[in-house]
Amino acid sequence: MIFDIQLAEELSAITHLPAQEISDMLEIPPDRQLGDRAFPCFKLAKTMRKNPQFIAQEIADNIKKPNFIERIETKGAYVNFFFNRAVLAQTVLEDILNKGEHYGSSDKGNGSVVCIDFSAPNIAKPFHIGHLRSTVIGNSLYKIYEFLGYKCIGINHLGDWGTQFGKLITAYKHWGIKDDLEKEPIKALLDIYVRFHDEAEKDPSLEDEARLWFKRMEDGDEEALSLWRWFKDLSLREFNKIYDMLGVKFDYYTGESFYNDKMDRVVELLQEKGLLTESQGALVVDLSQYDMPPCMIKKTDGTTLYATRDITAAIYRKETFDFDKCLYVVAYQQDLHFRQWFKVIELMGFDWYDKLFHVPFGMVSMEEGTLSTRKGRVVFLEDVLQKAVDRTLDIIKEKNPGLENKEDVAKQVGIGAVVFHDLINNRIKDIVFSWDQVLNFDGETGPYVQYAHARAMSILAKATQTINGEVVGDLLTEDEALELIDLLARFPEAIEAACQANEPSIVARHTIDIAQAFNKFYKNHMVIVDDDELQKARLTLVYATAQVIRIGLSLLGIQAPAKM
RNA sequence: GUGCCUGUAGCUCAGUGGAUAGAGCGUCUGGCUCCGGACCAGAAGGCCGCAGGUUCGACUCCUGUCAGGCACACCA
């Protein structure tokens, strides 16, 4: 925030410490009564060999007071600064009005390329709540990086190759009915997949049959491949329905099969570099001196693995996009896998190994235990989204029966609730799926934020005055206004912090804080009042708040209806 | 067994080494002659897993320990 920087400079001038260091030391007091910003002097005590309280007093007495600071107090070792609320309001709101929907954006990224690998569902398997996290976290990071001036490339590394397709083809050949597959592809595919495992327990020869079909796929057999393509198309069609609902887009759908013909070269390269060793008939890169198990490149039967594909994909992406960063939004279970193959990239002599980042997130499980497609212990995302939308529609019918386009709004709010719920907490936390929590729309939830926005929009629509870009900061000095404006002022920092930590929850939290502060202001101060000037001043604040909430939600991939 | 992650209010979680540890849910109480009650206000609820250490100062950093989760080569 601009005032923090200027304040740090003034403090720097008097303490002779670098402004950046001061800036890091500046804090927000636990209680507004104490001040709006605080500078603790404990650290100075050591170097200056003086009592910190004395130093605080000295700073307070001698600092050149900037115009945005109204008064300075000391309390113990703290120098406490109180903003001139009118100047603060004036500056911050003018800034938001000027920048509009670009408020908080920057060109910090300077067009450098960030590849974001996210979502990556397995073809022919249902899209369940476990896949949601990678999808919404990746999508939000995409928007955040883009907002900060990076060129983002969203890649859906589909799980579209492997022995499971052999199983599916086998199952289809035995029990498949074409109509079911066309009508409800994923569920039909899941059914025959589950059935395959049941039957294979009784008749192990089915496994051999499945391996044979996969072998035929690998060998380019047309019958096998056309069935594979058919399954893939059916699945993608279903996935795209989900992605449409979520408003998620990818620049590339280059799945695992895309790298089939690119791996040989990489294996050769590994061979040339002398990194491959044979172990129990398989080809591995030994990582024992890095305290990791070996990274397997080729199985005993000569086929490739996950790691082989990931290494190949990384090299391909570097060559194709020349990324400055490549993020892998993948569950933390795969932490070791990523550490292993990142190390292999380093050992291959690629100096960009430190531009690869695993962005891990916690597991989603059910009260009954971990999700398991095979055991049928699974909650389909489509069902979750549908239930959330249905519930929203019920609430709208009850609370706002006159609302036009109810269905559209219910989608925006219901889906927003599910997405927000997945983004509000630190991504490393595990989630135990609970309908009660997902469908709760009170408190720290998406609908709460959307509701605050809708209220703001409603006021703007009903106002008797119009705002004209002119800000009257003098009239926005109440405690609630100060709190709200300070949060609006710090919004850009929240975006930067979120980008820095690859952590959308920082934006989600900050947006919640703004909505809360707005609701408090709303409760305590009428906006549409007889005093025209006062009304204009407050309308401007309402307008700016709505603008920032909209930006916050959009960075999370959530819509902000004007009415709900 | 080894490595990684997580332990903060009944539950879900915030908390760049700084002041009296904060929200939401749930529970209890109160609030629309007034811009949208999906809201607001208040109450109750805490040895910040435990023990050491570093520091003027530790929920935060270090070490140890306990508990839970995850991973540990022919799945992805």
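Letters A, B, ... mirror the listed sequences (proteins, then strands); counts begin at 1. Worth saying up front: this structure is predicted, and the values here are computed from it rather than measured.
- Residue Ala45(A) is classed as having no contact, given no heavy-atom separation below 4.0 Å to the nucleic acid.
- Heavy atoms of Ile396(A) sit under 4.0 angstrom from at least one base atom.
- When distances are taken from the side chain of Thr370(A) to each of C72(B), C70(B), G24(B), the shortest belongs to C70(B).
- Counting non-hydrogen atoms under 4.0 angstrom, Met363(A) reaches the backbone sugars and phosphates but no base.
- One can find a donor-acceptor pair under 3.5 Å joining the base of C39(B) and the side-chain atoms of Lys523(A).
- Contacts of Asp513(A) with the nucleic acid, taken as non-hydrogen atoms under 4.0 Å apart, are absent.
- Residue-level contact check: Gln334(A) touches the bases, meaning some heavy atom is under 4.0 Å from a base atom.
- Scanning atom types as modelled, no donor and acceptor separated by under 3.5 angstrom connect the side chain of Thr445(A) and the base of A38(B).
- Remark: Asp291(A) does not engage Arg339(A) in a salt bridge, criterion side-chain N to carboxylate O under 4.0 Å.
- Nucleic acid contact for Ala463(A): none, since no nucleic acid atom lies under 4.0 Å from a heavy atom of the residue.
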Under the 3.5 Å Watson-Crick or G-U criterion, the dot-bracket string of RNA chain B, with | for inter-strand pairs: (((((((..((((....[...)))).(((((.......))))).....(((((..]....))))))))))))....
Base versus backbone protein contacts along nucleotides 1-7 of chain B [heavy-atom cut-off under 4.0 Å; B, S, -]: --SSSSS
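- Annotation: proximity of residues 398-414 of chain A to RNA chain B (heavy atom, distance under 4.0 Å) is found for Lys399(A), Asn400(A), Val413(A), numbered in ascending order.
- At the heavy-atom level, Gln340(A) lies nowhere under 4.0 Å from the strands shown.
- Judged by distance alone, with hydrogens and angles left aside, Thr163(A) brings no side-chain donor or acceptor close enough to the base of C75(B) to form a pair under 3.5 Å.
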